[in-house]
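Accompanying notes for the structure given below.
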Amino acid sequence: MARGKLRIHLGAAPGVGKTYAMLSEAHRRVERGTDCVVAFVEHHGRPRTEVLLHGLEQVPRRELEYRGGIFPEMDLDAVLARRPQVALVDELAHTNIPGSRNAKRWQDVEELLAAGIDVVSTVDIQHLESLGDVVESITGVRQQETVPDEVVRRAGQVELVDMTPEALRRRMAHGNIYQPDKVDAALSNYFRPGNLTALRELALLWVADRADAYLTQYRSEHRVSRIWGSRERIVVGLTGGPEGRTLIRRGARLAEKGAGGEVLAVYIARSDGLTSASPKELALQRTLVEDLGGTFHHVVGDDIPAALLAFARGVNATQIVLGSSRRKTWQYVFGPGVGATVARESGPDLDVHIVTHDEVAKGRGLPVARGARLGRSRRVWGWIAGVAGPPLLAALLNTVDLGLANDMLLFLALTVAAALLGGLLPALASAAVGSLLLNYFYTPPLHRWAIADPKNIVAIVIFVAVGVAVASVVDLAARRTHQAARLRAESEILSFLAGNVLRGETGLEELLERVRETFGMESAALLERAGDVEPWTCAGRVGRGRPIERPDQADVDMPVGDHMALALTGRVLPAEDRRVLAAFAAQAAVVLDRRRLREEAGLARTLAEGNRIRTALLAAVSHDLRTPLAGIKAAVTSLRSEDVEWSEEDRAELLEGIEEGADRLDHLVGNLLDMSRLQTGTVTPLIREIDLDEVVPMALGGVPEGSAGLDVPETLPMVAVDPGLLERAMANLVENAVKYSPPGAPVLVAASALADRVEVRVVDRGPGVPDEAKERIFEPFQRYGDAPRGAGVGLGLAVARGFAEAMGGTLNAEDTPGGGLTMVLTLRAAGTRPELHPAAEPERQAS
């Protein structure tokens, strides 16, 4: 049986019209005669969506009992028995009620597809499993219901249902998405313009990447080698010279002119390991291209034009940006250069831009530090000149008679040319062949391997000696040039490495990646162990290939002290490269030590913060407790005095003062103890599911009657909290709001539900708090503005936030429309996964 096809309508947020688009598609298919049924569609009370359900066959839902309630779910068996051509299944990431066959709705969809039924479904971008952390960082909400990315990627069609944030907020304000009582909370939280814009960008980029993956797969399956310019991809070829920054900026400007343009900077390194490029300059160019939104790539290849073109075609690039050659004019006799070669071999589907810059014709930068002293082509031409050149010259000289002296000078010139091209060995070969030919053809007796005149023997010996001397000089110069180039390249690398490490700009992984790229290895790892007999552990690793567990498993290992080693895989390095590798290994140990010292410093800061809090607690006890104690003592002393006859009104007033002072002491000591528990990590919430109306009204008992109003709907879902901690947190919030609210403006405590959260808002009409102080008011012993000295020690909001985070919630401050401050306490709805906010984190709780 053929597997069914999956079509998904993907949206950036709830309310963009995914279900509407799915139902519209169903009506079009029904009109074409397709057998299409509604397996499960939730219209959420939206009239326009509900209207589209009319005229479509709906499979009855299955009702399941859970925790005393009845919940409808898709009846998978009924849909399989009905066997339609197409089934509509809404909310692909939905979690099924316990008791269902599968835990997730996407698993139900997999069964329908396996049965040969086509499925049309919907999903929001925030429900993709891989984007959970990203969405949480944007919205502050962790999505509990997710669907694996692979399920969505396997869909035959993914249609993006798009809507601008402004239009979506208008729909929300008109009541087309949520009920009116939830609109204000939704607009001020999840449906903020910034949140919606970021989610929309995520959806657009995800769909674009999927389309790009489809295109790459299609090109691979159909063996398409020609470049398809469906998207502007600009490859910038770098040499490591200073002109690279100009080329990167030019490539970025070209990419901006095309929709979805992308910049890929690539540096081609030779396979000999160390290269002529300045590591410092390459690092600057890597940072620049990443800041401009592009990517940096490091490719190994001896044939630079071929490697560059292969890379460009592999990424389906449309344009290549290269700089004008830095070679001198006379150097063009050795070849046309990289730019001309790439332009000639690029073909009609790949544009090549040659960009001028300030370094044109100023010569190359660092010379190539190769393993051989002379290039391969030079050595080949040297051997040609040394072996084939003398016979050709002899054949030419046999046609004319120039005399023995001139003949020897010509052979000597040929020997010098072989020395300049190929070095010592080709020159020796030229001298040997030339001396034999001179003896045979030009010294009496002719055409015999003999010399009659002793003067000719001296001449031939001088000829050979001059050839050997010139060849030795050329070989020595090449050796010195090679050493200078290598030492210069090493000094550039070590200077840049030391500077970065000393400034603390390089992490361990970045340093290991630089080691891997510098030596052209597959992977690099830093191994360590506690003692000689202890097992090795990996402190950091980059690259691909097999994991390295011991230094002896690597192709190259460099010890660092007695219990640490830098291990590389990929190839065996020559001995001359190990000197630089030793420097890298030493710096890796320094970076690792710095990272651990930084972690220890963080722990020390935590201890220091705890000491600061304890000092502040002592200061609060010694200062802020004195006022109520002094008042209580004065009232008690007055009552016990026998010299004064107090009236009943005076006695009642003194007793009331004692009671108020005791209440202040009780509240202050309670906050101090709560803060101490939070700082020492001893708050262990006992989470259970309760209704808000069981706890919130109790928190209003400590404020004057009529100073606070309550709006907690009975239809709200239950919350997973510690009732005691929630009551203390709410009491502090309400007391703080009442304290700063003007007379005649009662505080409002309102609650609403949004997705898997329940929000409690404490709204006052006081002076408010500017944005820059909204976080500072949650710090211990902080009071905003000119609060009187008797207004408390500034612990109420800090304790409230600490308790909220201990229960897996959040507490934030917002401006009240029309003036004032709103405290927003976000709690988990019952049945959702808890978020860990350990109270043992002093720094986090203090902030």
Side-chain angles (χ1 to χ4, degrees), residues 185 188-189 663-664 666-668 670-675 677-678 683 685 690 692-712 716 719 721-742 745-752 757-769 773-785 787 791-816 819-828 837 839 845-847:
S188 59
N189 287 273
D663 289 340
R664 289 184 58 188
D666 179 67
H667 181 72
L668 183 59
N671 277 340
L672 289 172
L673 292 176
D674 289 339
M675 201 66 228
R677 292 168 60 202
L678 289 171
V683 175
I690 64 169
L692 277 179
D693 54 10
E694 298 180 20
V695 178
V696 175
M698 300 173 61
L700 274 60
V703 298
E705 186 175 354
S707 61
L710 189 61
D711 181 15
V712 180
L716 286 178
V719 292
V721 296
D722 182 316
L725 297 185
L726 177 59
E727 181 183 350
R728 292 298 302 274
M730 287 299 305
N732 283 346
L733 294 178
V734 174
E735 179 186 347
N736 181 79
V738 170
K739 184 186 303 181
Y740 291 99
S741 290
V747 172
L748 175 62
V749 180
S752 60
R757 301 174 299 163
V758 175
E759 291 185 344
V760 183
R761 293 174 170 264
V762 181
V763 184
D764 67 56
R765 295 293 178 179
V769 175
K774 281 188 172 64
E775 283 298 313
R776 193 169 68 248
I777 62 176
F778 291 103
E779 296 179 3
F781 310 104
Q782 297 292 325
R783 293 195 301 266
Y784 175 70
V793 295
L795 283 177
L797 295 182
V799 170
R801 172 174 276 192
F803 283 170
E805 292 183 349
M807 295 183 294
T810 60
L811 176 61
N812 296 291
E814 296 180 356
D815 292 328
T816 300
L821 188 68
T822 299
M823 291 292 175
V824 183
L825 176 62
T826 304
L827 303 172
R828 290 187 299 109
H837 294 278
Q845 298 296 344
S847 61

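Numbers for residues simply follow the sequence, beginning at 1. Nothing here was measured: the structure is a model prediction, and the numbers come from that model.
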Return the set of residues passing side-chain contact (heavy atoms from CB on, under 4.5 Å) with [X] (not counting sequence neighbours), or none when no residue passes.
X    : answer
P697 : L710
P742 : A745, R765
D764 : A737, S741, V747, L821

Self-check item: Under the side chain to side chain donor-acceptor pair (under 3.5 Å) test, residues paired with T816 that sit two or more places apart
Solution: T822
Exercise. Could you tell me which non-hydrogen atom of P746 sits nearest to which non-hydrogen atom of A708, and how far apart they are?
Key: CB-N, 4.2 Å
Practice problem: Locate the shortest heavy-atom distance separating R828 from M807; write the atom from each residue and the value. | Solution: NE-O, 3.9 Å
Kindly indicate whether the side chain of [X], heavy atoms from C-beta on, has any atom under 4.5 Å from the side chain of [Y].
X    : Y    : value
T826 : N812 : no
L811 : L733 : yes
V695 : V721 : no

Quiz item: What residues form a salt bridge (Lys or Arg N to Asp or Glu O under 4.0 Å) with D711, not counting sequence neighbours?
Solution: none
Atom [atom1] of [X] and atom [atom2] of [Y]: how far apart are they, to the nearest 0.5 Å?
X    : Y    : atom1 : atom2 : value
R757 : L825 : CZ    : CG    : 11.5 Å
E727 : L700 : CD    : CG    : 10.5 Å
E735 : S707 : CD    : OG    : 10.5 Å

